[in-house]
Structures are given as structure tokens and as C-alpha cells.
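Note on naming: letters A, B, ... go to the chains in the order of the sequence lines (proteins, then strands), and numbering restarts at 1 for each one.
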Amino acid sequence: MTIRFYNSLTHQEETFTPQEPGVVRMYSCGPTVYDYAHIGNFRSFLFSDLIRRFLELTGHEVIHAMNITDVGHMTDDSQADGGGEDKMQVAAKRIKEDKKSGKVPVGSVENPDDPFQVAKFYTNAFIEDSKKLGFKIAGEYETRIMHATTHIPEMLEMISQLIENKHAYVGPDGVVYYSVESFADYGKLSGNTLDQLREGSGGRVQEEHQANKRHPADFMLWKPDSSHIMKWDSPYGAGYPGWHIECSAMARKKLEREIIDIHTGGEDLIFPHHECEIAQSCGATGKPYFARFWMHARFLMVEGEKMSKSKGNFYTVRDVLGGKVTGREVHPAVLRFELLKSHYRSNMNFTEKGLKDSANSVRRLVEFRQQQLQKSGGEVANVGNDHPIVAQFIEALSNDLNISGALAVVLPWLSQEHKDAAEALGVLAKINHVLNVAPLDTAGDLAFGDDPEEGGIESQVKTWCKEIDEARASKNWPIADELRKKIQAAGYEVRNSPEGTVAQKQLA
RNA sequence: GGUGGCGUAGCCAAGUGGCCUAAGGCGACGGAUUGCAAAUCCGUUAUUUCGUCGGUUCAAAUCCGACCGCCACCUCCA
């Protein structure tokens, strides 16, 4: 089996092999923690989870690292000397307003003016959401997911290497800039070579901000600013790091290599972020590559439109799970499946209907597992990757993560006859290592009808189910139908089973 | 204006030169089942058609060119 991935760096599909056989070092650009991450962010993070789980299924150890950007970068980093407002201060303002209107639980951020508290709050929310969606890396917080603010020394080390290697200079304004002209490969990833950047700038580059730089595309590595809300000592004066340096520095530190195997992120990060990362890492190490493979996930659309706050179609994970889209609670496995089921290199269209479709697929997978577990008495056979179904599943994913092809193997298989339940469960376990929806490992099993609360809606639904059985026994059809409608209105599916009427919570 | 990507049925989407008279799922329709439903099972569901127009080839959804549309980046953004 050969694994082929589309490599953004070479603009073509290539055979993937890690530098060290059996071990893949992968870095993913993580979230900024000035606000809740939205489902578009999570699609991109989920995409890296998919890569990881697939590589693990095919026998690789995956060392996966991700950053959390908690340095208060400027809202207007475009000017590269750090103009505009600090994002942490913007967040502080917003949190104060949200607190007044009750949007943020009181006490969650005791002091919004403390950027570390703001970052901590949104970091926790991110980790929580990531766990719900079953991201493997969510269980590795603080070992593989790391904060930029705790890696300032690594960044300063890289900056000094860059200055030493003549890739960086201290401008007349005291700011440390990267000299893009010193790096011949600048533009290789994005196609935005220096010539083209000049052509394409369309007069938007403001001369006044360029005076201190040798080339307009030079970007900031360190900004001395003793008045900044977050600042650290450095040989260039107390201040804060540029936006791009954290990933270069942290990837090298955490993955313990100067060249890594895979680097992932959203498509918007290709330029300038990843272009600058390559320039920094290669400039500091002198190596021809930073990452061998660059993989980027496309943006998602919502109901055919761009997701934007002004259109009111802007969703966070908690929005979707809480029912903002469907009007009822959505199980995390359903959102995971929905975000996973379209190919990472096409714009996925997130829709309410799609969510409900995904709920069906997830339910089928979950019920299949339950049926087979019953049949096998809990026994799960050890199935190898050479099992025909597993092999086809892997074959599909080997082709640049062809998830549709992979699902086209799995879903029809569910409807086939399964003589050996233990074997079927073994196959499912393999498949579920990647899909992770049946069950979703970090969220536990799908909760079907076990609500500990006395007098809660679940016990009411159970009572109604019993009443339906009684009504049906006495052929009192109108009463039975009435009760069924009530249960459905409460967000439950009503079914007949050998044990009588049962209700299950709708997954979306 | 520059750069990168995408465009297959009602929807999601596979297929990258012949086995495509185009996987699979959802939906829809018909049937079995049911008190009626739901769930389940069976069947049907693009019939020179794959954004458009040309070209290469014995042969194209698949290669090449032009055009159109959509997305992203060129300013913070997954």
C-alpha cells in the first residue's frame, strides 16, 4: 500500500513516507484563544485528527503537536510593525460587555484585563470542544498542545539564529525583521514570489509603515514595546514575538527535528503564515525543508454562504451541539461525522440537512455495533488490515484521504449479512479508529435512555412508552398515537422492539 | 490585477485515458413488515451525461487550451 497525499508545497499528489520509518512527526496550527473557535476552525483541526488516525491505523506512530496562540497579537499585523489594537485587549472589552449581558458565565474570567485569564478561559473551551469531537490530541494538552507564551525562549533562540545567519536584522525602529530577500525560496509554497507580491500589492502597501523595512514583505520577528499588555525580556528590548515565529520554534522543540513530516492548517494560512514559517525554519536551520508535506483544509460554507457573524450563520461547536442549527441538541459524534464526511480539499457545505443525514449514518453505525455486540456476547475478534473491508477502507483513504470512498466501503457493508459478529466488531474497531463515532471515544457511548434524574424528561418518556404499550394492548389506537406524538415532540424517536415500545433521543 | 484550489444526479460525493451504458450515502418513489407509523429488509432512481466551448486520441468525466462560475490568499482569520 502506498499513501498519497496532496502536497501544497509541490502542488501535486505525492507518495508519503516519513523520514523515520514508522514514525510521523506532524505539526498543526492551532487556535488563537481570544474567542471561541468556530466550526470552520474545527473542521481544520479535525482534518489533522483524520490524518493522524489514518496513519496510526496503517501502523505509524504519530507524534502530533499543536500550538495555542495566546500572545496578544495586533489586530492590524498587516503593517508588520504591530499597529492596531491588541487582540487580548479587544477580547477583554468584549468579555466585559458579554458579562453584562450574561453571555459569559459570571466568574469564568475573573479579570478580563488579565490576558492570561482570557487565554486560559478560551483554551479550556477549546480543549473541551476538542474532546467532545474526539480529537486524539485533546488528551495530550500540555504535552503536545502547547502555549506560545511558554515558549518565548525557543522563539528568541530562533530569532538570534536568524540574525546570525543574516536572515534577520534589527530595523531603525528597533524591531527585528525577517529579510525575505535573503531567502530564495520565499513564495514557493503560495506562489506569491517577491516579484508577484510587488505586482499584486495594488497600492495597498502603505509606504509609511514600510520605512523601517528593507523590503515591503519583510515581517516582524520581535517587537520591543514596554507598554504592551504582554511582554517578555529580550536582547532587543522587552516586547513580544511576531505572529509567525511561534510555530517554527515550537515545532522544532516539540517534534525534536529540524525537518518534520507533515504540517497542516487552514487554507488561509498558506500565505503569509506558512510561507513565513518556512522562511524562518529553513533560515535558522539551513535545511532545504521545514515540513516535507504541507496539507491544507479548505474553508467550509454554511448553507452555501460564507460563514460570517453579520449573516447570522456563524457557529461555534457549542452553538451546534446546543441546538442552534437544528433546534435540538446535537450529539458530538454527529458533528464530528458531518465535518469529516467531505473531502478536506473541497469547500464543504455545512447544512442543517447534512447534519441530520450525518445523524442517520452515526445512528446506523452505533446500532450496528450494539446489535453485533449482542450477537457476539461482547467478543471482539482481532482483525488485521488485510481483512477485505478494512483493506478497502484503507485503500480509499490512502488516496489523499478519500473519505467518501472510505465511507462507500463502510456503509453498504453495514447492511450485509454478518455471520461472525466478533469479526464484524473487529472490522468496525479498525474503521472506528479513524471515524471515531461508534462510539466516540472521548464522549463515551451515545446515551440512549439512561437519565439518572428522577422525574426528568427521560423518565417521563419511559412512562409514555409503557402507556403506549398498554393502549396498544387494548387496541386504543388514538391514545397510542397521541402519546407517540408527544414523545416525538420531546425530541425522541419512537420505535417498536421485541421488548415493546422504546424511545431514543434524536441525535440531531 | 497577481497566486492557489474547486466545478459529477434533488443533496453529499467516488471515479484522473478503455471493465463508466458514472461507486456509495441521504432523499424520493414502489414493495415486504406494521393497527397506522418508525426502524429494518427488497427494488427503482444521471439511459452518449460529468460547468461551457474547442483540441489531442482508435478511445476522455479523466489529457491540453480558452472561457464561465464558486472559494481562499495577496490585510487579522482554520
Side-chain angles (χ1 to χ4, degrees), chain A residues 6 8 11 13 28-32 34-35 37-48 69 73-80 83-85 87 90 187 189-193 195-206 217 243 264-275 296-301 304 306-307 338 341-351 353-354 356-361 363-364 367 371 396 399 402-415 417 471-472 475-478 480-481 484-485 487-488 493-497 501-504:
Chain A
Y6 182 88
S8 303
H11 310 288
E13 233 178 62
S28 300
C29 280
T32 52
Y34 319 121
D35 202 348
H38 53 73
I39 54 172
N41 300 128
F42 275 94
R43 186 203 188 200
S44 152
F45 304 141
L46 179 55
F47 150 65
S48 64
T69 300
H73 294 295
M74 295 296 127
T75 52
D76 207 352
D77 261 354
S78 61
Q79 286 150 21
E85 265 183 295
K87 287 182 187 166
V90 174
L189 175 69
S190 64
N192 290 329
T193 58
D195 292 352
Q196 272 152 346
L197 276 175
R198 213 166 303 178
E199 249 177 61
S201 66
R204 269 180 287 188
V205 176
Q206 290 163 276
W243 173 42
T264 72
E267 62 173 321
D268 57 326
L269 293 183
I270 293 171
F271 190 89
H273 189 54
H274 290 164
E275 196 73 75
H296 294 97
R298 299 253 96 83
F299 270 30
L300 73 70
M301 316 273 288
K306 275 190 228 186
M307 183 164 72
E338 172 68 7
K341 77 180 180 189
S342 40
H343 188 77
Y344 75 95
R345 260 177 343 100
S346 56
N347 288 111
M348 83 157 289
N349 189 16
F350 182 87
T351 62
K353 187 177 176 299
K356 291 187 169 169
D357 286 354
S358 292
N360 268 326
S361 302
R363 187 184 46 71
R364 272 183 74 191
E367 289 187 353
Q371 284 161 12
N399 182 13
N402 178 356
I403 188 71
S404 298
L407 291 175
V409 173
V410 177
L411 293 166
W413 171 73
L414 297 181
S415 298
E417 197 187 342
R472 292 185 67 212
K475 297 195 192 293
N476 194 343
W477 312 130
D481 291 346
R484 188 163 63 201
K485 274 184 199 153
I487 296 174
Q488 284 166 340
E493 289 172 22
V494 183
R495 298 237 199 114
N496 257 334
S497 79
T501 303
V502 292
Q504 297 180 339

Distance, rounded to the nearest Å, where A:N347 contributes CG and B:rG7 contributes C1'
11 Å
Side-chain donor/acceptor of A:D481 to base of B:rG35, under 3.5 Å:
yes
Could you give the CG-to-C1' distance, from A:L189 to B:rG5, as a whole number of Å?
13 Å
Among B:rG25, B:rA23, B:rC71, the one nearest A:A408 by side-chain distance
B:rA23
When rounded to the nearest 0.5 Å, the distance separating CD of A:Q488 from CD of A:E493 is 8.5 Å
For A:E338 and B:rC11, give me the distance from atom CD to atom P, rounded to whole Å.
16 Å
When the nearest nucleotide of RNA chain B is assigned to A:N402 and to A:Y6 on a heavy-atom basis, which residue is associated with the more 5' position?
A:Y6
Quickly work out the A:E267 CD to B:rC74 P distance and round it to whole Å.
11 Å
For a quick check of understanding: with a heavy-atom distance under 4.0 Å over all strands, which category does A:H11 fall into, base, sugar-phosphate or nothing?
sugar-phosphate
Roughly how many Å apart are B:rG55 and B:rU62, using the P atom of each and rounding to a whole number?
14 Å
A:Y344 has an atom OH; how far is it from atom C1' of B:rA72, in whole Å?
15 Å
What interatomic distance, in whole Å, is found between P of B:rG24 and the corresponding atom of B:rU75?
47 Å
Pairwise 5' ranking along RNA chain B for A:A396 and A:N349, keeping only the more 5' one
A:N349
To the side chain of A:P412, which of B:rC71, B:rG24, B:rG27 is closest?
B:rG24
With respect to the phosphate group of B:rA78, does any side-chain polar atom (N or O) of A:N41 fall under 4.0 Å of OP1 or OP2?
yes
C1' gap between B:rC12 and B:rA59, integer Å
31 Å
Looking only at side-chain N and O atoms, does A:N399 come under 4.0 Å of OP1 or OP2 in B:rG15?
yes
Checking the side chain of A:D481 only, and the main-chain atoms of A:P478 only, is there a donor and an acceptor separated by less than 3.5 Å?
no
C1' gap between B:rC26 and B:rC70, integer Å
24 Å
State the CG-CZ distance between A:N360 and A:R364, to the nearest 0.5 angstrom.
8.5 Å
If the P atom of B:rA61 is compared with that of B:rC68, how far apart are they to the nearest Å?
24 Å
In whole angstrom, give me the gap between the C1' atoms of B:rG10 and B:rA28.
9 Å
Face-to-face stacking of A:F299 with B:rA78, centres under 5.5 angstrom, angle under 30°:
yes
Find the distance A:H296:NE2 to B:rC6:P and express it as a whole number of Å.
14 Å
So does A:R364 get a side-chain nitrogen or oxygen closer than 4.0 Å to the phosphate oxygens (OP1/OP2) of B:rC26?
yes
Base, sugar-phosphate alone, or nothing: which one does A:I270 contact when heavy atoms must sit under 4.0 Å apart?
nothing
From B:rA78, B:rC71, B:rC73, nucleotide with atom closest to A:F271 side chain:
B:rC73
Can you figure out which of B:rC74, B:rC71, B:rG10 approaches the side chain of A:N192 most closely?
B:rC74
Distance, P atom - from B:rA9 to B:rA22, rounded to whole angstrom
14 Å
Would you kindly check whether a donor in the side chain of A:R484 faces an acceptor in the base of B:rA37, or vice versa, at under 3.5 angstrom?
yes
With heavy atoms under 4.0 Å as the rule, sort A:M348 into base, sugar-phosphate or nothing.
nothing
Looking at A:D357 and A:K353, is any side-chain nitrogen of the basic one under 4.0 Å from a carboxylate oxygen of the acidic one?
yes
Closest nucleotide among B:rC71, B:rG27, B:rG24 to the A:N360 side chain:
B:rG27
Considering only the P atoms, how many Å lie between B:rA14 and B:rG7, rounded to the nearest integer?
8 Å
From the list B:rA14, B:rA72, B:rA37, which nucleotide is the closest neighbour of the side chain of A:D268?
B:rA72
Would you indicate which nucleotide in B:rC71, B:rA78, B:rC36 comes nearest to any side-chain atom of A:H38?
B:rA78
Between A:K341 and A:S358, is there a side-chain donor-acceptor contact under 3.5 Å, judged purely by atom types and distance?
yes
Given side chains that start at C-beta, do those of A:Y34 and A:V90 come closer than 4.5 Å, heavy atoms only?
no
Of the listed nucleotides (B:rG10, B:rA78, B:rC36), which one gets closest to any side-chain atom of A:T32?
B:rA78
Name the nucleic acid region contacted by A:G265, choosing base, sugar-phosphate or nothing; use a 4.0 angstrom heavy-atom cut-off, strictly under.
sugar-phosphate
Donor-acceptor check, side chain of A:R43 to backbone of A:R298, threshold 3.5 angstrom: yes or no?
yes
Where does the angle between the aromatic ring planes of A:F47 and A:Y344 fall among parallel (under 30°), tilted (30 to 60°) and perpendicular (over 60°)?
parallel
As an exercise, state the distance from CG of A:L46 to CD of A:E338, rounded to the nearest 0.5 Å.
11.0 Å
How many whole angstroms separate atom CZ of A:R495 from atom P of B:rA39?
7 Å
Given B:rG35, B:rA72, B:rG4, identify the nucleotide with an atom nearest to the side chain of A:K306.
B:rA72
Test log, rule side chain to side chain contact (heavy atoms under 4.5 Å, CB included), inputs A:T264 and A:S44:
CA-CA 8 Å; A:T264 72; A:S44 152; 5.9 Å; no
Of the listed nucleotides (B:rA72, B:rC41, B:rC26), which one gets closest to any side-chain atom of A:S415?
B:rC41
If you compare every side-chain N and O of A:R345 against the phosphate oxygens of B:rC6 (OP1, OP2), does one of them come in below 4.0 Å?
yes
Mind running side chain to side chain contact (heavy atoms under 4.5 Å, CB included) on A:E267 and A:N347 for me, showing each step along the way?
CA-CA 10 Å; A:E267 62 173 321; A:N347 288 111; 3.9 Å; yes
For A:F350 and B:rA78, what is the distance between atoms CZ and P respectively, to the nearest whole Å?
18 Å
How does RNA chain B read in dot-bracket, base by base from 5' to 3', with Watson-Crick or G-U pairs under 3.5 Å and | used when the partner is on another strand?
((((((((.[[[..)..(.....]]]((((((.......)))))).....[[[[[..)....]]]]])))))))....
Ignoring backbone atoms, test whether A:K356 places a side-chain nitrogen or oxygen under 4.0 Å from the OP1 or OP2 oxygen of B:rC11.
no
